[in-house]
Every structure is written in C-alpha cells, then in structure tokens.
Chemist: 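Here you go, one structure.
Every chain is numbered from 1 and lettered A, B, ... according to where its sequence line falls, protein lines coming before strand lines. This is a predicted model, so every value here is computed, not measured.
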2 protein chains.
Amino acid sequence: MLSRPEVPVAARPAGHQSLLAAASAQFAERGFHAVSIREIAAAAGVSLSALYHYYPGKHALLAALLHEGMDDYQARCDEAVAEAGHDPARRLAAVVGATVRYRAERSEASLLLMNEARALEPAERERYRTRQREASNRFREPIDAGVAAGIFTTPYPDDVRRTIIAASNAVAQWYRPDGPDSLDDLVERQVFLAYRMLGYEPRNPNARGAHTATAAGRSRRRSP
Amino acid sequence: MLSRPEVPVAARPAGHQSLLAAASAQFAERGFHAVSIREIAAAAGVSLSALYHYYPGKHALLAALLHEGMDDYQARCDEAVAEAGHDPARRLAAVVGATVRYRAERSEASLLLMNEARALEPAERERYRTRQREASNRFREPIDAGVAAGIFTTPYPDDVRRTIIAASNAVAQWYRPDGPDSLDDLVERQVFLAYRMLGYEPRNPNARGAHTATAAGRSRRRSP
DNA sequence: GCCTACTCATCGAACGCTCGTTAAGCTACT
DNA sequence: AGTAGCTTAACGAGCGTTCGATGAGTAGGC
C-alpha cells in the first residue's frame with residue numbers, strides 16, 4: 001500500500017546500527033552542533049570514517065535519523081487512526097494516544113524530531129518541515145470534523161488544538177518509564193483533558209478508556 | 001525590596017548592547033553551538049575581542065543572556081501576582097497571563113530560555129535549572145491552593161499544570177505580533193482553557209477578562 | 001590651565017586545537 | 001575478482017581564546 005516496504009530493515013550491519021544509536025543519543029542530549037563525529041564514532045565503537053561509508057556526511061546522518069523517526073511516528077499514527085473508525089472523538093483520541101505513546105516510549109527520537117530540525121541544511125529542512133505540518137494536521141482534521149458535527153462545542157478550536165499538541169509533545173521532556181505513571185493511564189488523562197477543552201461529552205464517561213484506544217492499541221508490538 | 005536596583009542599567013555602551021542583541025538573535029534562531037563569536041561580532045558591528053572585554057568567554061555571554069531573560073520574566077510574574085490578590089483562580093490567571101505575554105512579546109528571549117540552557121557549563125546549568133524549577137512552581141502553587149480549597153475540581157491537577165505550562169510556552173513558537181491575534185484575546189483564551197481543564201466555574205463567566213488580568217497588567221510598561 | 005596617570009572601550013593579529021571531510025588501503029566474504 | 005565494511009593518516013578551514021596596542025575621556029596634583 002505504502003511505498004515503504006514492511007520487513008527489509010533488520011539486515012543492518014552492527015557498525016551501522018551502533019552508529020545510528022550513538023548519534024541519536026548524543027544529538028538528542030546535547031544537540032547536533034555540540035557533538036563531533038569523532039565522539040559519535042567513539043561511542044559507537046567504530047572509527048571516524050565508518051560514518052562516511054554509510055552517509056555522505058554529518059548532516060546526512062542527522063537527516064536519516066529524523067526521517068526514520070518520522071516514518072516510525074507516522075506509521076504508528078496510521079495504525080491507530082485506522083483502528084479508530086470515523087467518529088471524530090475516537091479519531092482524535094487515536095492521534096493523541098499514538099503521539100503520547102511515541103513521545104514516552106521513544107523520547108530520544110522525539111527530542112530529535114522536535115529540536116534538531118533546525119540543524120538541517122535548508123533544502124532538507126524544508127522537506128522535513130512539510131512532514132511536521134502533515135503531522136500537525138492529523139490533530140486538526142478530527143477537531144475540525146467534530147466542531148463541524150457539533151459534538152465539540154469549544155469556541156476556540158485552534159487554541160485547543162495547539163494546547164493538545166503542546167501537551168502531547170511535552171511528554172518527551174518529563175515522562176520517565178520507570179516513574180510512578182502508567183503509560184496507559186497517562187494517555188487516558190491526556191485524552192480526558194483534550195475532551196474537556198473541546199467541550200465534548202462522551203456517551204458513557206464512566207467506561208474506563210472507552211474513548212482512548214483499543215486493547216490492541218494499548219499493548220502494541222510492531223510485528224505479531 | 002528586591003536586591004536588583006531599579007534604574008542603573010541604561011548606561012551600557014552601544015557596543016555591549018549590540019553584542020547582546022546580536023548574540024540573543026543568533027543563539028535563539030540557530031542555537032549556541034551553531035553560532036561562532038565571529039558571526040556575533042560581525043552582526044553587532046564590533047570586533048571579535050570586544051566580546052572579551054565584557055565577558056570571559058562565549059559561555060559567559062550565553063549565561064548572561066539567560067539570567068537577564070529570567071530576571072525579566074520573574075519581575076513580570078512578581079508584578080502580575082502581586083496585583084492578583086489571594087484568590088487562587090486570579091493568581092493562576094496572573095501567572096498564565098505574565099507567561100503568555102512574555103513568550104509573545106519576547107519570543108526571542110523565550111526561545112533562548114527554553115532551548116539553550118543545555119549549552120551552559122554544568123555548574124551554571126544547575127543554577128539555571130533551579131530558576132526554571134522556581135518558575136514552574138509559580139503554576140503549581142495556585143493550582144494546588146485552588147484544589148485544596150475545592151474551587152478547582154479536576155482529578156488530575158499535575159497533568160493540568162503540565163498542560164498549562166506547555167501551552168503557555170508554546171506561544172513563543174507560533175505567535176507573531178503582526179498576525180491576526182490580539183495578545184489580550186490570546187491571554188483570555190489561554191486562561192479560559194486553563195479554567196476548563198481545572199473544572200473551575202468563574203462567578204460571572206460573561207465578564208470579558210474578569211479573571212485574566214487588570215487593565216494595568218494588560219498595557220504594561222516597566223517604568224511609569 | 002595643564003600635564004600625568006589611569007580607566008574604559010575597542011581593535012588587529014596571532015596561537016593552538018578541533019572540526020568535518022578525504023584519500024588510500026586492508027580484510028573477509030561471495 | 002569484486003564488493004561490503006571497515007581502518008589509519010592526513011588536510012585545510014574555522015574555532016574559542018589570548019595578547020598587545022590605541023585612542024578617548026577623566027580625575028588629581030601642581
């Protein structure tokens with residue numbers, strides 16, 4: 001269906017893999033320009049020039065990390081939205097759930113996606129910004145649909161959308177998987193607050209998680 | 001009252017002033033490590049060494065910008081909270097209003113405060129992180145007070161607090177003073193959404209801006 | 001009233017180091 | 001034989017920082 005194949009990754013040499021892991025960790029923590037390729041290579045346990053075997057330069061390595069992270073996030077959103085059906089409230093809950101989960105489970109990649117795009121070279125940055133806009137539109141669509149259908153009664157849908165996005169993204173900065181918070185509960189609370197801001201009244205508000213995600217969405221694995 | 005004097009700044013030489021302005025602009029747009037001190041000096045119209053007349057190095061320049069921005073933000077918060085009295089709802093509205101206004105009016109400084117702290121050297125970074133925690137506690141205090149008093153009925157005060165902070169901070173990234181949005185209206189909507197999430201019912205919800213800020217807070221100038 | 005001493009604000013030139021990048025070569029497998 | 005997956009060694013550019021000098025302003029002693 002999509003242009004991206006389903007299985008073919010895996011066969012990445014260990015050096016390549018550890019290079020990506022080291023670069024992702026360092027870029028996310030300290031920022032693209034603060035990290036030298038010598039530090040990345042050392043952390044990955046390979047030589048400086050291994051990087052140039054896989055990428056034409058430092059910027060291309062960053063671009064690869066960003067696009068790969070974005071691919072992953074988009075795939076998760078696609079899956080969640082597909083399960084959600086056509087009800088705007090459920091569609092929005094699916095996007096919020098997928099986003100919060102990605103920010104929490106892949107916080108390193110999330111920090112990269114959110115903070116390091118400005119280090120890309122202009123052409124690549126423009127391509128990436130387009131993908132970011134698409135991601136932001138995933139929230140806009142169900143909100144506008146719900147407002148048009150009259151089930152979301154907020155007078156300020158744009159402000160609500162921006163607030164929901166900001167809150168979901170912020171998860172990458174504070175959530176710790178070893179903390180007291182269960183991720184499922186966090187998603188549920190985020191959706192609850194989103195509904196509150198939208199002025200949405202779920203039909204059976206007492207059913208735990210009725211509008212957050214399906215069981216399949218909660219304990220997710222990429223391959224069955 | 002405070003240890004900071006009221007008038008003595010002003011007498012900063014033109015070179016110093018333009019150095020700070022250039023550094024702030026460049027650091028905010030491209031990040032600390034992406035900008036060389038030669039670029040800053042060139043943009044400021046002074047020589048490289050002028051920087052070393054005022055600061056012991058590049059990192060100290062960043063630290064000065066961050067602390068000065070934080071001083072400014074804290075002073076605005078102090079003023080707004082002092083005007084708000086003791087009602088938790090009004091106190092929270094004052095903090096949200098001061099924050100949103102600062103993020104909108106001083107978006108360059110805000111981006112610096114939010115994104116560039118990680119470039120500080122460890123000791124200075126720790127000092128700065130403490131100030132950030134203090135700023136975050138300005139939201140916690142009125143929320144907890146309102147919950148304790150029973151006027152905020154949300155079951156999730158921590159999530160609401162994080163969402164309010166994230167939404168207020170995000171203003172620095174999207175608000176444009178030449179856009180269609182009036183800043184006063186934006187503040188009002190942000191406070192409205194905060195109240196919604198908190199489950200707070202203002203006594204006269206139709207009074208425009210009744211709970212956002214006083215007229216003095218809306219059209220503010222530092223000196224009378 | 002003027003010389004002296006000193007500080008402030010700024011400059012140009014250089015230093016040593018680290019950066020991203022390149023070139024050339026070496027295994028080990030297919 | 002050829003390619004995939006690296007290696008060591010070097011290059012030039014640009015980095016943050018340092019040094020010493022210069023001119024303008026200014027306060028104090030005579």
Chemist: How close do A:E116 and A:F32 get, counting heavy atoms only, and between which atoms?
Modeler: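 Closest approach of A:E116 to A:F32: OE1-N, 3.0 Å.
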Chemist: Can you tell whether the side chains of B:D184 and B:R189 come within less than 4.0 Å, N to carboxylate O?
Modeler: no
Chemist: Assign a letter to each nucleotide of nucleotides 10-22 of chain D from its 5' end: B, base within under 4.0 Å of a protein heavy atom; S, sugar-phosphate only; -, no contact.
Modeler: B----BBBBB---
Chemist: Specify the separation, in whole Å, of atom NE2 of A:H53 and atom P of D:dG5.
Modeler: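 About 5 Å, once rounded to whole Å.
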Chemist: Do the side chains of A:R162 and A:D158 get close enough for a salt bridge, i.e. N-O under 4.0 angstrom?
Modeler: no
Chemist: Hey, are A:R76 and A:D71 close enough for a salt bridge, meaning a charged N less than 4.0 Å from a carboxylate O?
Modeler: no
Chemist: So what is the end-to-end bend of the helix from C:dG1-D:dC30 to C:dT30-D:dA1, with 5 pairs used at each end and the value given to 10 degrees?
Modeler: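 The angle, to the nearest 10 degrees, is 0°.
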Chemist: Using the ring-ring contact (aromatic ring centres under 6.0 Å, His included) rule, take A:H16 and A:Y55 through it: C-alpha gap first, then chi angles, then the decisive distance, then the call.
Modeler: CA-CA 10 Å; A:H16 191 179; A:Y55 303 98; 5.4 Å; yes
Chemist: Above 12 or not: heavy atoms from other molecules or residues under 6.0 Å from CD of B:E141?
Modeler: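 Incorrect, the count does not exceed 12.
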Chemist: Distance to the ring centre below 6.0 angstrom and angle to the axis at most 45 degrees; does that hold for B:R103 and B:Y73?
Modeler: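 B:R103 over B:Y73 ring: yes.
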Chemist: Going 5' to 3' along DNA chain C, which nucleotides are the first and last within contact of chain A (any atom under 4.0 Å from a heavy atom)?
Modeler: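 Endpoints of the contacted stretch of DNA chain C: C:dC19 to C:dA23.
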Chemist: Heavy-atom count around A:E29 CD within 6.0 Å, excluding the residue itself: above 12?
Modeler: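 Result for CD/A:E29: open.
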Chemist: For residues A:Q74 and A:R131, is any side-chain donor paired with an opposing acceptor at under 3.5 Å?
Modeler: yes
Chemist: At their closest point, which heavy atom of A:E39 faces which heavy atom of A:A34, and how far apart are they?
Modeler: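 In this case the closest contact between A:E39 and A:A34 is OE1-O, 3.8 Å.
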Chemist: Nearest whole Å is fine: how far is D:dC6 P from A:Y55 OH?
Modeler: 12 Å
